[in-house]
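Let me begin by presenting the structure, written as structure tokens, before commenting on it.
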Amino acid sequence: MLTEEQKKQIEIENGKINRALNNIENRIVVFSGKGGVGKTTVSINLACGLILKGHTAGILDADVTGPNVPKMLGVSEQLTTSDNRIIPQKKNGVEVVSLASMVPEEQAIIWRGPLRSKLLNQFIGDVEWGNLDFLIADLPPGTGDEVITMTTKLKPDMAIIVTTPQEVSLIDSKRAIAMAKKMEILNIGLVENMSGLFCPNCGCNIELFGKGGGSKQAKEMGVEFLGSLPIDIETRKAADEGYPIVLQNDSTDISNAMMKIVEMIENISVVGVNRPKVLIK
Ligand SMILES: Nc1ncnc2c1ncn2[C@@H]1O[C@H](COP(=O)(O)OP(=O)(O)OP(=O)(O)O)[C@@H](O)[C@H]1O
Ligand SMILES: [Mg+2]
């Protein structure tokens, strides 16, 4: 049973969240069943891709215990506040908020679910996001507290599920898609990452984790297939250096595939099973 004081706090918190959401046109959650499949890579490149297309975009790093967005986007400064409001950091045009910019790297973040959810509520309602065309939430793997909090509080228009083509990832992404459907997210898209590797010596394609499982799964589960991204060493290096591959203007297969996803997000997605909906009004 909640006390009157607790009810009042929740009401205040929800009011702040709703005010923030009123200024954010499109909200996207990026999640996966399995870890390490490329959610953060996809999130930072889509955000930068949206900026390249002339939109305003932000990333909310919702991976509380393993926040990687600042590192992969090249943000090294600490977050600041003004009048008790968190001011996002801006890098390459993208507004960013992450716990990594508040807690030293060597400090473990040992927080139980309710505390993690509370922080994410603050990352929506207590941040000066301003007017954004797109806010992308980069989530931790699985379907735990963070995903529940973000799918309920952020009220996303779209879920992007990232998987690799290998069986163990596809099994988990099936659950992630099922969750997105259960949370009634209208637009659900699947990205197959690490889909083949072109050998730099002989040019042959090495299917390290297999290939094609993502598009097959998307079809079977009635969600939009957003595309395949190859394994690309420059992409990994770019992420480590904090300068996302789409900004490098080199028209690689992976940059082109990322920009195609950006265009799909921009223009048309699906509502439920195959009904077109324009995301940008
Ligand atoms: N297509 C790719 N080609 C090469 N390297 C990639 C690709 N996608 C991701 N990586 C690299 O793989 C590693 C894991 O990617 P990333 O951190 O984006 O995954 P994640 O799903 O966000 O992981 P976590 O579950 O820990 O949050 C990173 O070092 C990243 O640079
Ligand atoms: Mg990540």
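Each ligand, and each atom within it, is numbered from 1 in the order the structure gives. Heavy-atom basis, side chains included; hydrogens, waters and symmetry copies ignored. Remember, it's a predicted structure, so these values are computed and weren't measured experimentally.
- Ligand 1 has an N or O atom lying under 3.5 Å from an N or O atom of Val37, backbone or side chain.
- Polar contact check, Leu229 against ligand 1: no nitrogen or oxygen pair lies under 3.5 Å apart.
- Close approach of ligand 1 to Gly35 is summarised as follows: ligand atoms under 4.0 Å from at least one heavy atom of the residue are 25 (O).
- A donor-acceptor pair shorter than 3.5 Å can be found between the side chains of Ser101 and Gln89.
- The backbone N or O of Val64 lies less than 3.5 Å from no partner atom in the side chain of Arg116, so there is not a single donor-acceptor pair.
- Among Pro67, Gly38, Ser169, Pro230, the residue whose heavy atom sits closest to atom 2 (C) of ligand 1 is Pro230.
- The distance from the Mg ion (ligand 2) to the nearest N/O/S atom of Thr40 is under 2.8 Å.
- Counting the atoms of ligand 1 from 1 in the order shown, those under 4.0 Å from a heavy atom of Asp63 are 27 (O).
- Each of the atoms 1 (N) of ligand 1 lies under 4.0 Å from some heavy atom of Ile254.
- Between Asp232 and ligand 1, an N or O atom pair is found at a separation short of 3.5 Å.
- Within the listing of ligand 1, atoms 25 (O) sit less than 4.0 angstrom from a heavy atom of Pro141.
- Salt-bridge check for Lys216 with Glu220: passed, with a basic side-chain N closer than 4.0 Å to an acidic carboxylate O.
- Between Thr40 and ligand 1, at least one N/O pair is under 3.5 Å apart.
- Close contacts of ligand 1 with Lys39, meaning ligand atoms under 4.0 Å from a residue heavy atom, involve 18 (O), 19 (O), 20 (P), 21 (O), 22 (O), 23 (O), 24 (P), 25 (O), 27 (O).
- Interface atoms of ligand 1 facing Asn193, defined by a heavy-atom separation under 4.0 Å, are 1 (N), 2 (C), 7 (C), 8 (N), 9 (C).
- By the 3.5 Å distance cut-off applied to N or O atoms, Thr41 is counted among the residues near ligand 1.
- Within the listing of ligand 1, atoms 8 (N), 9 (C), 10 (N), 12 (O) sit less than 4.0 angstrom from a heavy atom of Met194.
- The ligand atoms of ligand 1 that sit less than 4.0 angstrom from a heavy atom of Ala239 are 31 (O).
- Judged by distance alone, the side chain of Glu128 and the main-chain N or O of Pro88 form no donor-acceptor pair under 3.5 Å.
- Summarising the contacts of atom 24 (P) of ligand 1 with Ser228, Ala257, Pro140, Gly36, the nearest heavy atom is found in Gly36.
- Taking CE of Met264 as the start and CG of Asn187 as the end, the distance is 11.0 Å to the nearest 0.5 Å.
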